[in-house]
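Sequence lines set the chain letters: A, B, ... in the order given, protein chains first and strands last, and positions in each chain run from 1.
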Amino acid sequence: MRVRRRVVVTGMGSVSAAGCGGSSAVAAALARSAETIAPLKAFALPAGSSRLAAEVDDGELMTLLDADAVRRLSRICRMAVAACRLAAADAGIEGGARLGLAVGSEYGDFRSGAEFFNGFLRRGPAGLSPMIFPNTVMNSMAAVVAIATGAKAPSVTLNQATIAGDLAVARAVALIAGGRADAVLAGGVDEIFLDVYGGLSALGALSPMAGGIPEGCRPYASDHNGPVLGEGATFLVLEEFEAARARGATILAEILGSAWGSIPVAPHTAPVSRRDAYRTVGKALDQAGVEPGELGRCYGSGNGDPALDDWELRLLEADGIRDPVSLAPLFGQHGGLGALRAAAGSLAARVDGTPTLVHGIARGGCRAAMVIGRAA
Amino acid sequence: MTRVVVSGLGVVSPYGAGTKTFWAGLATGECAIRPLTVIDTEGFRSRIAAEVPADVLPALGASYRRSRADRLALAAAREALAEADLAPRDRAEMGLFVGAVGGGMLEGEAWYGEARRGRPSPRLRALRSILPVSHAETLAWRLRLGGPRETVVMACASGAASIALGADVIRSGATPLVLAGGVDAITRICFMGFNALKLLDPGPCRPFDRGRRGMSIGEGAAFLVLEDADHCRARGARALGELLGAGMTTDAHHVTAPHPEGEGMVRAMADALAASGRAPADIGYVNAHGTGTPQNDRVEALALVRVFGEGRVLVSSTKSLVGHTMAAAGSLEAAATLLALQHGLIPPTANLHDPDPDVPFDCIPGTARPVEVGAAVSNSFGFGGQNVSLVFGR
């Protein structure tokens, strides 16, 4: 039997449509009753397009950054840096050779990619900006966060639809459990950008997907008709238990079990009849030593995509889990949402002591599960 | 600790399809960097690259409707799985770790260009495979792989990182089998970006040469079947080599430039050696990141001196032969390192005519050299200060 290092949550930072801040701000955002999904303000939309989004308040974001960061960084990098600094401050942790990064993103810095390519379309080779090009690689957010926080252990960027943040947190757990780092800033980031929003809308991937009405984010509901895009960055500070205790950190929760697997189905599909032979949830529960009936709650990745919602419910039911709760109506679908689920699970477990299952499934079959509980 | 062996290998390179073709090219020292044809190069400083030959693509066995990168990935992955000779039940829990950067961007760029020019484009479906994750989705589906899956985007270290992370998952006990590697096709953004940064040599790249002027872009895919050594032995499969250890570090210094003293590179190599249980003196060969840019080669040489000592290890850059294949580079070079160990022959550094005195190593200029080596290191470094070193043994 392999000895697994214990992994705990010691801080969190978030920049989202529901507000910015550390663990207390995340708790406040989760308790918020005001709507965060509203008609998109950042750019004009073509006729026939979807119209709703959960946008970050740029004015609030700017208050979290110094002038140099605002000048140098692209918008998505600003969000990532701000959230990671908030998380590091919340945990009271500093950089070094044992602090790593795990960043999940669905679309990366697509804005910079488009800006770079548009320079060429307008002016040919003379229009290409060497300053923008590095941002076109999806690990650019991790690069600037590493510099901003001094994180010198492995820095891993993962690209994944729907559950990018879940995967990043699960990967971070593995980095610590396997000894590659003693602490990891783990989470996800995405921004709303015209070409991404317009492209997804044109592909029928956003509410109202099949032309149903009204447009909106209604996960697991009978009238769900597609996701609504959100944006922002949310990161947790995960630490090896003994290291956290030795420095006197406040331990918010423990990741009792985590696993990620996949169901090999056609890309972009969510066939409700396909089962998970890898037993992703079962593996996470086994690792945690928790039975499905002992779970206090389950945060699911349901985002209003009818096929995906239905598949998730069916898969969870097969695992003995019912009535998952979605945070998508509060934050919109984006790469940070999985980290927000993990943050919510951590805060809930701290309050009532019961373990939480954080679950995610994406079209194409990538699946992640984490069991989060109070640290003993 | 769980030992991780390599039980399958698949490559599509600028030499063509197949591991044998790849090795034949490396062993003869043929430089596959030629005039670039897949995109228009008019007006650019460099107009060459190492492309997968046009006549190879139709024979890869993947639908022409897939992105170019997906086709490269599928062919390489299928070859690796065939060599490992796995049963369907083995694949059901097999992990998949794909290093990727460009995704299906080559096709996405075509759509985007048309859309921006106001032309109605029939290629909207290209958007569905534009992201790096599309390769993993395609591979998992077509190859029926049902274990842990990740798309690792760590710039030019992506392919090597996917191997390191995949091996970690085996060691964690989550699965005994992983398909790990990297893929990238040439894209306009990548070619134009490195041109804009003036990091491309107008001629074929010359790593470690005093007159080097930059790198040459390439494309390809390589996948390794990584396997718990006990599992491999139990099913009577052949191990092609062993992944003895891996180190992964971050510079946290600059977005595009390496740390001037190679601090992160040194840590990556030192961590990999420590994980492998080998001393620097046990390493006979380093397949260098060796891009051919003045800065990378100088700093990598500094780091190699700090880890191994001046002239204490043989060094070569296979990028001089097949170009810098971006996210695939780390996996192509892992394959080259394994093959060098297998064959007792170290691939050369092509176009190295005037060795840089700041690189105090025998960099195997021009001609492959027969040397029996017990263990070797493959280095991969990338934008964002990403450093990955892999230690392989026979």
Exercise for review: Could you look at A:Ala142 and say if it's the side chain, the backbone, both or neither that has a heavy atom under 4.5 Å from chain B?
Suggested key: neither

Check your understanding: Are more than 12 heavy atoms from other residues, nucleotides or ligands located less than 6.0 Å from atom CZ of B:Arg65?
Key -> no

Practice item. Side-chain contact test, heavy atoms from C-beta onward, threshold under 4.5 Å: evaluate it for B:Glu137 versus A:Arg363 and give yes or no. Key: no

**Study point:** Most chain B-contacting option - heavy-atom pairs closer than 4.5 Å, from A:Val265, A:Thr269, A:Asp276, A:Thr280
**Key:** A:Val265

Study note, to complete from the structure: If one checks every heavy atom of B:Asp168 against chain A at 4.5 Å, the contacting part turns out to be side chain

Exercise for review: Output the option from A:Leu167, A:Leu128, A:Leu200 having the highest count of non-hydrogen pairs under 4.5 Å with chain B.
Suggested key: A:Leu128

Practice item. Report the option among A:Cys366, A:Ala277, A:Gly100, A:Ala266 that has the most heavy-atom pairs separated by less than 4.5 Å from atoms of chain B. Key: A:Ala266

Review point. Do you know which of A:Ala151, A:Ala205, A:Pro154 has the most heavy-atom pairs with chain B at a distance under 4.5 angstrom?
Key: A:Pro154

Exercise for review: Mind running side chain to side chain contact (heavy atoms under 4.5 Å, CB included) on B:Val169 and B:Phe97 for me, showing each step along the way?
Suggested key: CA-CA 10 Å; B:Val169 164; B:Phe97 294 77; 3.5 Å; yes

Exercise for review: Let me see the working for A:Tyr197 and A:Tyr107 under ring-ring contact (aromatic ring centres under 6.0 Å, His included), right down to the final yes or no.
Suggested key: CA-CA 11 Å; A:Tyr197 193 101; A:Tyr107 303 103; over 10 Å; no

**Study point:** Contact class of A:Asn135 relative to chain B, heavy atoms under 4.5 angstrom
**Key:** neither

Review point. Hey, is CZ on A:Arg274 packed in by over 12 heavy atoms from elsewhere, all under 6.0 Å?
Key: yes

Review point. If you count heavy-atom pairs under 4.5 Å with chain B, which of A:Asn159, A:Leu121, A:Ile147 comes out on top?
Key: A:Asn159

Revision key, fill the gap. Honestly, the part of A:Ser155 sitting under 4.5 Å from a heavy atom of chain B is both

Practice item. Over all heavy atoms of both residues, which pair between A:Pro264 and A:Ser262 is shortest? Give the atoms and the distance, please. Key: CD-O, 3.9 Å

Review point. How far does CZ of A:Arg98 sit from CD1 of A:Ile176, to the nearest 0.5 angstrom?
Key: 9.5 Å

Exercise for review: Against chain B, label A:Ala259 side chain, backbone, both or neither, depending on which of its atoms sit under 4.5 Å from a heavy atom there.
Suggested key: neither

Check your understanding: Mind checking whether B:Phe191 and B:Phe44 have parallel, tilted or perpendicular rings, split at 30° and 60°?
Key -> perpendicular

Practice item. Check each atom of B:Arg267 against the heavy atoms of chain A and say whether the ones under 4.5 Å are side chain, backbone, both or neither. Key: side chain

Review point. Non-hydrogen atoms of chain B under 4.5 Å away: do they reach the side chain of A:Ala114, the backbone, both or neither?
Key: both

Review point. With only heavy atoms counted, which part of A:Arg279 is less than 4.5 Å from chain B, the side chain, the backbone, both or neither?
Key: neither

Review point. Non-hydrogen atoms of chain A under 4.5 Å away: do they reach the side chain of B:Gln386, the backbone, both or neither?
Key: side chain

Point to revise | CZ on B:Phe383 to SG on B:Cys156, rounded to 0.5 Å | key: 7.0 Å

Exercise for review: With the side chain counted from C-beta on, respond yes when B:Leu143 and B:Leu179 share a heavy-atom pair under 4.5 Å apart, and no when they do not.
Suggested key: yes

Study note, to complete from the structure: Applying a strict 4.5 Å limit to non-hydrogen atoms, the region of B:Val98 in contact with chain A is neither

Check your understanding: Which bit of A:Ala174 is near chain B, if near means a heavy-atom gap under 4.5 Å: side chain, backbone, both or neither?
Key -> neither

Point to revise | Engaged part of B:Glu109 at the chain A interface, taking heavy atoms whose separation is under 4.5 Å | key: both

Check your understanding: In terms of heavy-atom pairs under 4.5 Å with chain B, which of A:Glu106, A:Lys283, A:Arg180 leads?
Key -> A:Arg180

Study note, to complete from the structure: Honestly, the part of B:Val152 sitting under 4.5 Å from a heavy atom of chain A is both

**Study point:** Check: A:Phe133 ring centre within less than 6.0 Å of B:Phe194 ring centre
**Key:** yes

Revision key, fill the gap. Under 4.5 Å to a heavy atom of chain A? For B:Thr256 that would be side chain

Check your understanding: Can you check whether B:Pro176's main-chain N or O pairs, donor with acceptor, with B:Asp228's side chain at less than 3.5 Å?
Key -> no

Review point. Checking heavy atoms, do the side chain of B:Ala246, its backbone, both or neither come under 4.5 Å from chain A?
Key: both

Study note, to complete from the structure: Bottom line for B:Ala155: the part with an atom under 4.5 Å from chain A's heavy atoms is both

Check your understanding: chain A heavy atoms under 4.5 Å from B:Leu131: which part of the residue, side chain, backbone, both or neither?
Key -> both

**Study point:** Between B:Thr325 and B:Asp184: side-chain donor-acceptor atoms closer than 3.5 Å
**Key:** no

Study note, to complete from the structure: Turns out that what part of A:Leu101 lies under 4.5 Å from chain B's heavy atoms comes down to neither

Exercise for review: Walk me through it: do A:Ile263 and A:Trp311 pass the test side chain to side chain contact (heavy atoms under 4.5 Å, CB included)?
Suggested key: CA-CA 11 Å; A:Ile263 306 170; A:Trp311 196 21; 3.7 Å; yes

